[in-house]
Asks: 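I have a structure I would like to understand better, so I am pasting it below and will then ask my questions one at a time.
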2 protein chains.
Amino acid sequence: MATGRTHRPATRSRGIPEATVARLPLYLRALTALSERSVPTVSSEELAAAAGVNSAKLRKDFSYLGSYGTRGVGYDVEYLVYQISRELGLTQDWPVVIVGIGNLGAALANYGGFASRGFRVAALIDADPAMAGKPVAGIPVQHTDELEKIIQDNGVSIGVIATPAGAAQQVCDRLVAAGVTSILNFAPTVLSVPDGVDVRKVDLSIELQILAFHEQRKAGEEAGAAAAHPAAATRPDAADQGPDGDVPAVMPA
Amino acid sequence: MATGRTHRPATRSRGIPEATVARLPLYLRALTALSERSVPTVSSEELAAAAGVNSAKLRKDFSYLGSYGTRGVGYDVEYLVYQISRELGLTQDWPVVIVGIGNLGAALANYGGFASRGFRVAALIDADPAMAGKPVAGIPVQHTDELEKIIQDNGVSIGVIATPAGAAQQVCDRLVAAGVTSILNFAPTVLSVPDGVDVRKVDLSIELQILAFHEQRKAGEEAGAAAAHPAAATRPDAADQGPDGDVPAVMPA
DNA sequence: CCATCTTTGTGCACGCGTTCACAAAGACAT
DNA sequence: ATGTCTTTGTGAACGCGTGCACAAAGATGG
């Protein structure tokens, strides 16, 4: 999971649980695929399989939106696509700015998934004057000095931060001051924002570390307790026990 | 949150809750920063603030690892860095392959966060023959045909998929067949994998959609109940199609 | 050596999320 | 119209994660 809520700790937004909201885009994607194949209806079982979730969970999720299914038949694909889109706010157009046009920022600018779902890249912003005017994904990069003006002129409320960690908080502050109230943060830093501003975090490194944890565990298990910890082997006295012989060779006094 | 567990639904890996594992990298980052500033010890309160979490939660998290603190003083920074690194398996070197060297793949290859934390990009793989041999981030791209050989020669157990959605499952199958047991998926698809293989998903589009949901809610609230649903107002006969243009002109009764 | 003060480690309670299992609802055939 | 069959919608139970609040542990000063 590359994510982390920041604000709104567990607030159910208008009765719809956070966990459900997080799954709606998943359902929407599966439904869109069905729609493109002109499938008229789908059962909770089929859709759940396509979205990779439990069918009971899916039904309960939909029940928060209302009773949109027909017993004995299933759900009308087109109708459900519309309902979920509306619930997620994708029936309107969201102008988005991307700040920090490095490798990642450029990748984001080129990412088709945005435009296809109601998000429009209103501007690309970078601090490097040399980047200014250079087109990325067909959009000319603008300098950071223009940030406030861009936000206001375009009525941008969602900002994406793809800058180095060091610049993130500062950029964040400027975005918020200019009126942005939702931020998607790719920089490996904890951003602090005032109440009312949502931050979601995507951290590539953290995801890999979580995988490594499970990977290590798998490796340790199959190797048996003895050769469990590669690192432990380098430890002097050790007295290694368990999969995580944690005895420090030299305790910090 | 750009994430989603796939396997291992709620399995506590050897007593450490998933939620805790997911926060360990966060703590590690904060601790590393302290370490670089040569701070010797830190209290749960301070560290929690730096990591953006509750101090009680942090203490409880650490308690799963063992009693590494000193009452009245706090935690030894260096020692904790070591313990968490070891727990996450970062004391060993993880060779990683990145498949799909488009904009995103290139960004990942250039991402410094990998190398700095025990991850080594063993190879870049792309299906486009024109890419073969071309260096990205100093590493020559190799063709997909070499995939199995690369995995085996380098003992790769972690794979990153940054291909288009259409190719993802196929690439995934080949990775798994060749011996990869952990996958970080950036393609917007649900991957199916056999038992014992972990998949973590990072989906840029989903994160934005979740933000849009809250953004819409904020906008609706301040506008009052009347104009609550922007889309709903135009609904009767539609005409207004969202970005997806999926509004059914006639609601399915 | 004792008192005080700081900070950890954790027992406990609460709430969210997940899952099961089933009754209610509707389609469809006869 | 009636019965059967499919599938939804949800009540209820359970488990995980979070946060409070406090006792235990140790440092520090006199």
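Throughout, a chain's letter reflects where its sequence line sits, starting with A, and its residues are numbered from 1.
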Asks: Whether the A:Q83 and A:Y79 side chains hold a donor-acceptor pair (N or O, under 3.5 Å, no angle test) is what I'd like checked.
Replies: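 Their side chains do contain a donor-acceptor pair, which is all the 3.5 Å distance test asks for.
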Asks: Please answer whether the main-chain N or O of A:S157 pairs with a side-chain N or O of A:W94 as donor and acceptor at a distance below 3.5 Å.
Replies: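 Not confirmed, A:W94 side chain does not pair with A:S157 backbone.
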Asks: Side chain of A:K57, backbone of A:A48: donor and acceptor closer than 3.5 Å?
Replies: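 No, because the side chain of A:K57 does not come within donor-acceptor range (under 3.5 Å) of the backbone of A:A48.
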Asks: So, A:T189 versus A:Q169: side-chain donor-acceptor pair below 3.5 Å or not?
Replies: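 Looking only at side-chain atoms, A:Q169 and A:T189 do not form any donor-acceptor pair under 3.5 Å.
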Asks: Report yes or no: does B:E78 contribute a side-chain atom to a donor-acceptor pair with the main-chain N or O of B:T41 at less than 3.5 Å?
Replies: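 Pair absent, no side-chain N/O of B:E78 close to backbone of B:T41.
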Asks: Output a table of nitrogen or oxygen pairs between the protein and nucleotides 11-15 of chain D separated by less than 3.5 Å.
Replies:
unit_1 : atom_1 : unit_2 : atom_2 : d
D:dG11 : O6     : A:K60  : NZ     : 3.3
D:dA12 : N6     : A:K60  : NZ     : 3.1

Asks: Locate the shortest heavy-atom distance separating A:L31 from A:L80; write the atom from each residue and the value.
Replies: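 That would be CD1-CG, 3.8 Å.
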Asks: Just how far, in rounded Å, is P of D:dG26 from CG of B:D76?
Replies: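 Interatomic distance, CG of B:D76 to P of D:dG26: 16 Å.
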Asks: Give the rounded distance in Å between these two atoms: CG of B:L80 and C1' of C:dG9.
Replies: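 Those two atoms, CG and C1', are 14 Å apart.
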Asks: Just one of B:Y68, B:Y75, B:F62 clears the ring pair (Phe, Tyr, Trp, His ring centres under 6.0 Å) bar with B:Y27, so which one?
Replies: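 Answer after filtering B:Y68, B:Y75, B:F62: B:F62.
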Asks: In degrees, rounded to 10°, what is the bend between the two ends of the helix from C:dC1-D:dG30 to C:dT30-D:dA1, using five pairs at each?
Replies: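 Rounded value for the end-axis angle: 10°.
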Asks: Judged by modelled atom types alone, do A:S205 and B:R117 share a side-chain donor-acceptor pair under 3.5 Å?
Replies: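 Distance-only check fails for A:S205 and B:R117.
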Asks: Determine whether a donor-acceptor pair (N or O, by modelled atom type, separation under 3.5 Å) exists between the side chain of B:K201 and the backbone of B:F186.
Replies: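 Such a contact is absent between B:K201 side chain and B:F186 backbone.
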Asks: Roughly, in whole Å, what's the span from NZ in B:K57 to P in C:dT10?
Replies: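 Distance check: B:K57 NZ to C:dT10 P gives 18 Å.
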Asks: How is B:Y75 classified with respect to the nucleic acid when contacts are heavy atoms under 4.0 Å: base, sugar-phosphate, or nothing?
Replies: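 Sugar-phosphate, backbone atoms only, no base.
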Asks: Take atom CG of B:N54 and atom P of C:dT10, then tell me their distance rounded to the nearest Å.
Replies: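 Value for this atom pair: 17 Å.
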Asks: Could you state the atom-to-atom distance from CZ of A:F62 to P of C:dT18 in whole Å?
Replies: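 Rounded to whole Å, this separation is 14 Å.
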Asks: Whole angstrom is fine here: how far is it from CD1 in B:I16 over to P in D:dG17?
Replies: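 Between P of D:dG17 and CD1 of B:I16: 12 Å.
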Asks: Measuring to OP1 and OP2 of D:dA21, would you say a side-chain N or O of B:R59 lies under 4.0 angstrom away?
Replies: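 No, no such contact exists.
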Asks: Under the 3.5 angstrom rule, does the side chain of A:T20 hit a backbone N or O of A:I16 as a donor-acceptor pair?
Replies: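 Flag not set: sc A:T20 to bb A:I16 has no pair under 3.5 Å.
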Asks: Provide, to the nearest angstrom, the distance between the CG atom belonging to A:L58 and the C1' atom belonging to D:dG9.
Replies: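 Roughly 12 Å, once rounded to whole Å.
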Asks: Please answer whether the main-chain N or O of A:S43 pairs with a side-chain N or O of A:E46 as donor and acceptor at a distance below 3.5 Å.
Replies: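 Side chain of A:E46 to backbone of A:S43: a pair is present.
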Asks: Pick out the pairs of N or O atoms, protein on one side and nucleotides 26-30 of chain C on the other, that lie under 3.5 Å.
Replies:
none

